[in-house]
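By convention in this document, chain letters (A, B, ...) are assigned in the order of the sequence lines, proteins followed by strands, and residues within each chain are numbered from 1.
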Amino acid sequence: MIIGTAKETYRADAALLTTRPQQTWTGVLALVLIALPFTLNDYWLYLVCLMTINAVAATGLNILTGFTGLVSLGQAAFMAVGAYTVAWMERDLGTPFPVNLVAGGLVAAGIGIVVGIPSLRVKGLYLAIATIAASFILHFLFVHWEAVTGGNTGINVAPARILGTELVSYFGLYWIIMPITVLMVLGAANLFRTRIGRAFIAIRDRDISAEVLGIPLLRYKLMSFAIASFYAGVAGGLWAYFFRVITPDSFPFMASVFLLAAIIVGGMGTIIGALLGAAFMTLVPELLRFVMDWASPWLPNATVLLSPVRTIVFGLLIIGFLVFEPQGLAEIIQRVRRFFRLWPFRT
Amino acid sequence: MTPGPAAGAARLSVEDVTLSFGGIRALGGVSFTAEPGSITAVIGPNGAGKTSVFNCISGFYRPSTGRILLDGENIGRLSPPKRAGLGMARSFQNIALFRGMTVLDNIKLGRHAHMKTNLLQALVYAGPARREEEALRQEVEERIIDFLEIDHIRNQPVATLSYGLQKRVELARALAMRPRLLLLDEPVAGMNREETEDMARFILDVKEEWGVTILMVEHDMGLIMDISDHVTVLNFGEVIAAGLPAEVQADPQVAEAYLGSGDPAELMRRLHREAAE
């Protein structure tokens, strides 16, 4: 049992990782992340990269929806903005990939600010509808602005280049996707150690009292939209380099729902929640597919029979989480931590 | 412990403020002044317009006519965040804390308007952002948490605290704003006797050690009579009496507003009875 985490300085108490087990496990995680590309086959590496890209977008959405309390169903559309920006810059300007990624994020952030303007007046469901409208307008733009987006046929993206080598394999791409993700998640965690992150939570919890404390609501709501969209834009840019072709249907409206489900399952308003949620939503359907495969010896045409069941099971799992673990996977982690901290006593 | 900021207490003057909602006149020409470094109480029966006055002062309502002066400057048209920047802090009748956050974070939010960390610094959390956060933590710990005796609950989520403690945290958050004028909307409503006495002590301490002008709305007559320097009585949106607590208590009009009959002695008797309970 850990009796307390006594600290001698305020700096030590405000660190991101305050307990020894936390530090140890984070170290283990870092080693695993470095070892992954050397041990996984291409299929699993593909899944890990996809999961990581989703984690960036989900972290952005969590800042907006989980921390600031503004429900958005447009996150995938902002990913598309980032992806198209990267593709266009790669094709017409030939700028290096880090510049393209940042530009993709910034363009998405700019559009995010415009989409966020109604948020001062409308909240909750009404704001969600406004973001849906925005994502359909963007979709229309992707289809019809052919000079930039290539219309329905889409646009091909040249591979990212680093020091003259083209990153085409999943192994190579992992080494740009994972570090960028780690940096962005770290940035999000830092944000909530400062006044800006606190202001976001204040707006979510009680906006009137936030205003009395001198927090200008419109500015902070738009800032939250901008950050969320920036994360989506960068995620979309990574997605573009990963799949190397973008069409208007690459980021369907369902992808926004997918991201919202990810943060709900993972845990709204926690940094780790977005990561767990992205992992759950990306990996569980694949794991279910493996279960189906294992079942096939006993059940002859299992794949044909069970593939619709897979979707149903996935849906049931999500509903199960909403009912039995409304705080999400992050809460399970907290419970496990509490258990080991208090062991051998019980909570 | 170091005393409060040297910025100094502010003088608040409410001059002939009227406020109408449609055809309903909530305030009809209210005037009073809160002197620097004093405790001024606004009392009155339910629906007298006390909270309306508060909302005009803190900027949620815009007065139909009249002026609100903070140190001689008309602030009647400023937004609530602007008024916060001028050193005005308030607590709410029904607690308005951020329920999902810890006590510490709630208090830290009080300093928001005075901090400078921008978005890029926040994402990196190095240099100025880190220094600012650490200075804030130290100030909050040593000046406010110690002062209000809430160090044992600093890391607890606000939602888990008792009503009396939540009120105290709300006072702490208001103090973190380094206010020059503190507006307290029913600071002891719903508290038991012990909590009320604690709060009275803290309000007096804030006045003495921080040198803040305090304006409060309260129903607890015992508290008003004990700690306020000046009392303004509202009824139906108009000032019916003003003066020292003892003067107001002896005013027949006040007795009538509260009791329906104009006998000050009856009011006294009732107050003593309440105090004895």
*Asks:* Against chain A, label B:L97 side chain, backbone, both or neither, depending on which of its atoms sit under 4.5 Å from a heavy atom there.
*Replies:* backbone
*Asks:* Run through A:L191, A:I196, A:T194, A:N190 and flag the one making a side chain to side chain contact (heavy atoms under 4.5 Å, CB included) with B:L123.
*Replies:* A:L191
*Asks:* For a quick test of reading the model, state the closest non-hydrogen atom pair linking A:V212 to B:F92 and the distance between them.
*Replies:* CG2-CZ, 3.6 Å
*Asks:* I'd like to know if the side chain of A:R195 and the backbone of B:T117 have a donor-acceptor N/O pair within less than 3.5 Å.
*Replies:* yes
*Asks:* Quick one: of A:L183, A:I208, A:L186, who has the most non-hydrogen atom pairs under 4.5 Å with chain B?
*Replies:* A:I208
*Asks:* State the CZ-CG distance between B:R90 and A:L213, to the nearest 0.5 angstrom.
*Replies:* 11.0 Å
*Asks:* Under 4.0 Å between a side-chain nitrogen and a carboxylate oxygen: does that hold for B:E133 and A:R198?
*Replies:* yes
*Asks:* Return the option, out of A:R204, A:M223, A:R206, with the maximum number of heavy-atom pairs under 4.5 Å with chain B.
*Replies:* A:R206
*Asks:* Looking at B:R173, B:Q121, B:R111, which one has more heavy-atom pairs under 4.5 Å with chain A than the rest?
*Replies:* B:R173
*Asks:* Counting heavy-atom pairs closer than 4.5 Å to chain B, which one of A:G269, A:G187, A:A14 comes out on top?
*Replies:* A:G187
*Asks:* Take a 6.0 Å sphere around CZ of A:R219 and say whether it holds more than 12 heavy atoms from other residues, nucleotides or ligands.
*Replies:* no
*Asks:* Which distance, rounded to the nearest 0.5 Å, do you find between the CG of A:D13 and the CG of B:N155?
*Replies:* 6.5 Å
*Asks:* Give, as side chain, backbone, both or neither, the part of A:L217 having an atom under 4.5 angstrom from any heavy atom of chain B.
*Replies:* neither
*Asks:* What heavy-atom pair brings B:M101 and A:I201 nearest, and what distance separates the two atoms?
*Replies:* CG-CG2, 3.5 Å
*Asks:* Heavy-atom distance under 4.5 Å to chain A: side chain of B:K116, backbone, both or neither?
*Replies:* backbone
*Asks:* Decide if atom CG of A:L29 counts as having more than 12 heavy atoms of other residues, nucleotides or ligands within a radius under 6.0 Å.
*Replies:* yes
*Asks:* Between A:M184, A:E211, A:R193, which shows the greatest number of heavy-atom pairs under 4.5 Å with chain B?
*Replies:* A:R193
*Asks:* Checking heavy atoms, do the side chain of B:N106, its backbone, both or neither come under 4.5 Å from chain A?
*Replies:* neither
*Asks:* Determine the minimum heavy-atom distance between B:A96 and A:S209, stating which atoms define it.
*Replies:* O-OG, 2.6 Å
*Asks:* Check whether B:R130 gets within reach of chain A through its side chain, its backbone, both or neither, counting any heavy atom under 4.5 Å.
*Replies:* side chain
*Asks:* Pick whichever of B:A122, B:P80, B:A113 has the most heavy-atom pairs under 4.5 Å with chain A.
*Replies:* B:A122
*Asks:* Pick whichever of B:K108, B:H114, B:R99 has the most heavy-atom pairs under 4.5 Å with chain A.
*Replies:* B:K108
*Asks:* Hey, are the side chains of A:I215 and B:L109 touching, using non-hydrogen atoms and a 4.5 Å cut-off?
*Replies:* yes
*Asks:* More than 12 non-hydrogen atoms from neighbouring residues, nucleotides or ligands closer than 6.0 Å to CZ on A:R20, yes or no?
*Replies:* no
*Asks:* Check this for me: A:F324, atom CZ, are more than 12 non-hydrogen atoms of other residues, nucleotides or ligands nearer than 6.0 Å?
*Replies:* no
*Asks:* Please rank A:A210, A:P216, A:A189 by heavy-atom pairs under 4.5 Å with chain B and give me the top one.
*Replies:* A:A210
*Asks:* Under the 6.0 Å and 45° cation-pi test, does B:R137 pair with A:Y10?
*Replies:* no
*Asks:* Using non-hydrogen atoms and a 4.5 Å limit, figure out which bit of B:M115 sits close to chain A: side chain, backbone, both or neither.
*Replies:* both
*Asks:* Would you name the heavy atoms of B:H112 and A:A199 that are closest together and state the gap between them?
*Replies:* CE1-CB, 3.6 Å
*Asks:* Atom CG of B:D105 and atom CZ of A:F192: how far apart are they, to the nearest 0.5 Å?
*Replies:* 11.5 Å
*Asks:* Please look at A:F67 and chain B and tell me whether the side chain, the backbone, both or neither of the residue comes under 4.5 angstrom of a heavy atom of that chain.
*Replies:* neither
